[in-house]
Amino acid sequence: MREGKIGVRDATAWVLFMIVPKLMLTSPSDVAEMVGSATWLMTLIAVATALLLFWFVSHLFKWFPGEHFIAILENIFGRWLGGLLALVMAATFFYNGAMTARELEALLKTFFLPLSPPEFILLLISLAVAALLYFGFESLSRTAGFFMAPVLWGVVLIFVLAIPNYQLAYLFPLFGYGLDKTIMTGLMRNSVYGDVISLAVIAPSLQGLVHLRKSGIAGVAIAGFFVAMGLMCYSLNYSYITAKENTVPLLIMARGIEFGRFFQRFETIFLFIWSISCVLMVAINLYMAASIYGKVFRIDDHKVMILPLALILNFVALYPRDLDQLTTVHIHGLRTYGWFVYFGIPLAALGVAWIGRKRGKRYNAKK
Amino acid sequence: MGNSDNSLFSKLLSLISYHPPNKNNFVLPENEPSSGKKKLNRRWHPQKPKKLNRQWHPQNSKKEPEGKNILPSAATSQSRQYQQPQQSQEGPCPPNTPAGGNRAPIAPPSTDISPAITDNFQRIYAEFDISINSDIIIQQFKINNQVDAFLVFIGNMADRKYIQSAILRPIRTARFTKQSARTITVDNLAADILTAHSTSATCKYSHVINAVLTGKTALFVDGSNSALLIETQGYAKREIEKPSTEATLRGSFEGFTETVSTNVTQIRRLVKNKQLIHETMTIGRTSPTAVSILYLKNIANPAVVREVKRRLQSIKTDALGGNGFTEQLIEDHPMMLFPQILTTERPDRTAFNILEGKVAILTEGSPFALIVPVSFVSMFQTAEEYQLRWPYATPLRLIRLIAYLLATFLPAFYLGATNYHQELLPTDLIIAIGRDREGVPFPTLVEIILLEVSWELIREAGIRVPGVIGSTLGIIGALILGQAAVAAKIVSPIMVIIVAVTGLGNFAIPNYNFAFALRLLRFFFLIMASIAGFFGISIGMLIVMAGTARIKSFGIPFMAPLWPKAASDRDLLVRGLLWKQEKRPDYVNPLQRQRQPKISRGWVKGSPPKGYKE
């Protein structure tokens with residue numbers, strides 16, 4: 001697949017849009033339920049874990065220079081097993097995208113478009129995603145690059161405008177349900193940042209290992225900073241008892257912003273941030289699925305997969321029975337155990353390559 | 001032959017029966033002499049046409065001096081290189097053979113000019129269909145009562161007085177010795193006799209025909225296997241006037257005209273640099289139209305210049321009706337809404353862009369220049385901004401940015417807020433809107449579309465109606481229509497305000513093509529807002545952005561220098577200090593990035609003169 005070239009900035013935006021929208025959806029209430037008031041501390045541990053794992057995984061690209069992750073998998077495990085593992089990753093990306101689409105649909109239906117049927121909202125999301133995929137990898141990453149600053153500034157604005165509602169006492173107990181639980185949850189929740197592995201799939205577009213590491217580390221670190229900030233602000237805004245009850249915590253936080261009679265109900269303005277970031281997240285996840293699928297089955301043009309993927313997205317997104325099942329089963333499962341796929345498969349490949357002393361074709365030439 | 005009393009028929013008869021003098025020194029072939037055998041072969045077997053039958057000819061290349069006093073003798077003129085016509089050279093001139101000489105009995109019509117004036121006359125007569133074509137003039141005469149010659153020109157396009165004074169009078173008053181009379185060729189005439197300031201010789205009929213069609217006069221002399229093309233254009237053309245679509249309060253008041261040569265002169269007056277290259281070509285099979293490109297050889301990226309030439313050369317069409325045609329035939333993405341080429345009618349703006357390393361394209365008959373490559377930032381900029389101090393220019397640019405946003409999003413935003421997100425509006429405002437809308441039978445979307453279409457109608461009618469009435473019609477039409485529509489409860493007053501502000505925003509956009517794109521996008525966003533409120537607008541923004549990120553203008557990403565990020569530029573949304581704009585735009589990829597030194601205002605480092613007090 002010819003994917004073109006992107007810079008560190010666009011690759012960082014790529015990672016950011018796979019991670020930051022999670023803060024804007026249902027995940028914060030999930031972690032509030034898991035670790036109480038120590039959500040921000042927990043996520044910092046998750047960031048550190050994800051960075052460490054990514055650092056290890058990036059060694060694969062030192063041993064297999066110029067190759068993408070799917071080729072590396074096939075090189076290490078053979079065509080069949082490597083391809084199968086790659087398809088598991090593709091399915092995970094697709095599943096993540098579909099569940100995010102469902103989360104966004106639930107948010108829109110609950111707060112902004114109560115009269116529109118869920119299928120209609122999902123259809124709109126699918127159409128937008130299909131259009132973004134149609135324009136291709138470079139356009140998608142540049143669009144992510146374009147919207148990165150407005151979305152991040154918008155998130156910061158919510159944090160700042162909500163300051164009058166903060167109460168420092170809500171931040172305590174500092175370690176939530178206990179330090180051990182916080183650390184353990186943090187170690188597991190690195191799945192939130194596991195999407196950084198998507199850079200491995202598009203590695204040849206990143207012009208080398210240095211760019212890959214730079215954009216991966218920058219993406220996870222910046223996203224981690226924003227997620228930690230967001231969780232801290234959310235903890236400051238609501239006591240952990242209330243925090244775990246809110247469906248879409250950050251939106252509720254934005255709704256609480258009020259400056260006099262005229263400046264209130266800001267969440268509608270911030271809807272742009274929600275919509276753009278979440279649709280981009282779905283599009284990027286779907287692109288990853290299409291890209292991996294295309295690489296496994298040697299399909300050069302990803303455009304042939306757009307329509308089927310958009311259609312399947314609709315059906316898979318409608319699979320969770322209700323919002324409760326979506327958050328407690330699907331999203332919780334993805335954010336807690338997703339790392340088995342995101343980091344588990346690459347680490348297994350790394351281990352086998354290390355033990356078996358497998359190296360890429362260009363490894364010796366580069367040396 | 002020069003006797004005007006003779007009938008055309010008798011002239012023809014005398015031409016057919018004419019034999020040139022036996023001893024006549026003919027001019028050498030145009031390029032290089034080669035063996036006579038080879039020349040003869042080529043004489044009767046015209047070269048196959050090249051793939052692209054156009055070549056570029058730099059206009060600032062050194063020309064051989066053609067002054068009367070510089071090339072006095074026939075010997076000199078023999079060794080002289082012809083100034084090539086602007087069209088193309090398809091090979092050297094065929095050898096000079098005496099009329100009625102060694103010729104094959106059956107041959108295809110030659111593309112080369114014959115030394116026999118009879119052949120030339122008949123050929124020109126036939127090519128221009130002179131028997132039915134009333135404004136093509138052939139004027140025949142004898143030089144020194146010995147050598148036959150004739151002029152061909154278009155009566156309404158050539159300046160007859162100039163022809164008289166610069167061609168005919170010098171020939172008639174010239175005194176030839178017996179010896180020199182035998183060596184009369186077009187070259188001798190151009191060098192020694194004629195007073196015309198710009199001449200060129202050609203050996204191709206096609207050149208002659210194209211030149212005559214552009215207002216030049218062709219001179220054929222018996223015995224010469226070439227014709228002299230003399231610049232005698234004398235048709236009526238518009239004078240330089242104020243630019244009508246890019247008016248400024250400060251800065252130049254000169255706009256382009258429909259004549260390429262005038263436009264090139266205007267640019268050359270502003271860019272006084274020997275590296276400014278002006279290349280020309282013609283495009284169009286049925287009606288060849290002159291197209292010029294201008295660039296600075298030492299600054300413009302050669303790859304971009306080559307690409308511009310490649311695209312222009314590859315065009316095969318009937319005719320170019322103006323630079324709008326050229327734009328549509330060379331742009332990268334015809335299916336995209338946004339223009340990928342900047343259009344301006346200001347010579348100063350064109351010159352400024354050339355100095356930045358861009359390429360300007362001028363088309364005959366159009367008072368606009370096309371600039372490539374460009375990014376969306378160029379669509380924000382006006383010529384006036386650079387004349388103003390930065391604290392004045394920057395707010396202007398920001399206001400224009402607001403105008404862009406209003407022109408694109410305001411109706412959609414209003415529709416989304418009133419139909420889907422009423423919670424966003426303060427209670428007093430929503431009550432006021434509700435009160436105004438009371439009695440209006442249409443939903444908000446229909447209301448907006450009604451007014452938007454009316455606005456577009458007024459605008460279109462205002463442009464079509466001539467002169468002052470047009471603008472009056474616009475104002476009166478808008479006022480009366482708006483007032484009447486509100487009174488008739490067809491639309492609400494706030495809707496009139498929304499549409500009027502949107503229209504004003506659109507008028508504030510300096511680039512006509514870009515404004516058009518935004519006008520269309522406004523309707524797209526309106527539909528998206530009517531489907532899903534702000535969520536619909538967000539989806540629309542994503543799609544438009546992704547589409548725009550894909551656009552390239554001659555290899556340069558349209559969204560550069562923002563996405564992909566290029567080196568820092570002090571002339572984006574904020575117009576930085578002129579003396580700090582040390583480098584040319586990075587995204588243009590010029591050969592020389594540095595525009596001025598780090599300290600361009602040398603006086604800040606020097607000491608003031610004696611007696612100067614701070």
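Since we're looking at a predicted model, the values are computed, not measured.
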Legend entry - Residue part contacting chain B, namely of A/Arg9, when any heavy atom lies under 4.5 Å: side chain
Inset, instruction - Count the heavy atoms of every other residue, nucleotide or ligand shown that sit under 6.0 Å from NZ of A/Lys109, and state whether that count exceeds 12. - result: yes
Legend entry - Residues in residues 526-542 of chain B that sit under 4.5 Å from chain A, counting heavy atoms only: B/Ile531, B/Ala532, B/Phe534, B/Phe535, B/Ile537, B/Ser538, B/Ile539, B/Met541, B/Leu542
Inset, instruction - Please identify each residue that fulfils ring-ring contact (aromatic ring centres under 6.0 Å, His included) with A/Phe266, with sequence neighbours left out. - result: none
Legend entry - Residues that B/Pro334 engages under side chain to side chain contact (heavy atoms under 4.5 Å, CB included), provided they are two or more places apart: B/Glu331
Legend entry - Note, B/Pro557 side chain near A/Glu138 side chain (heavy atom, < 4.5 Å): no
Legend entry - Which atoms of A/Phe263 approach chain B - backbone, side chain, both or neither, heavy atom under 4.5 Å: neither
Inset, instruction - Please flag which part of A/Leu104 lies under 4.5 Å from any non-hydrogen atom of chain B: side chain, backbone, both or neither. - result: side chain
Inset, instruction - Rounded to the nearest 0.5 Å, what's the gap from CZ on A/Phe135 to CD1 on B/Ile551? Could you check? - result: 9.0 Å
Legend entry - Under 4.5 Å from any heavy atom of chain B - which part of A/Leu108: side chain
Legend entry - Gap separating the CZ atom of A/Phe146 from the CE atom of B/Met545, nearest 0.5 angstrom: 4.5 Å
Legend entry - Atom group of A/Leu113 that falls short of 4.5 Å from chain B, counting heavy atoms: side chain
Legend entry - Neighbour count above 12 (heavy atom, 6.0 Å) for B/Phe524 CZ: yes
Inset, instruction - Please indicate whether B/Lys580 has more than 12 foreign heavy atoms, meaning atoms of other residues, nucleotides or ligands, lying under 6.0 Å from its NZ. - result: no
Inset, instruction - Taking heavy atoms only and a threshold strictly under 4.5 Å, list by residue number the residues of residues 416-430 of chain B that touch chain A; give 'none' if the list is empty. - result: B/Tyr420, B/His421, B/Glu423, B/Leu424, B/Pro426, B/Asp428
Legend entry - Nearest heavy-atom neighbours spanning B/Ala549 and A/Thr143: CB-OG1, 4.3 Å
Legend entry - Other residues, nucleotides, ligands: >12 heavy atoms within 6.0 Å of B/Glu438 CD: no
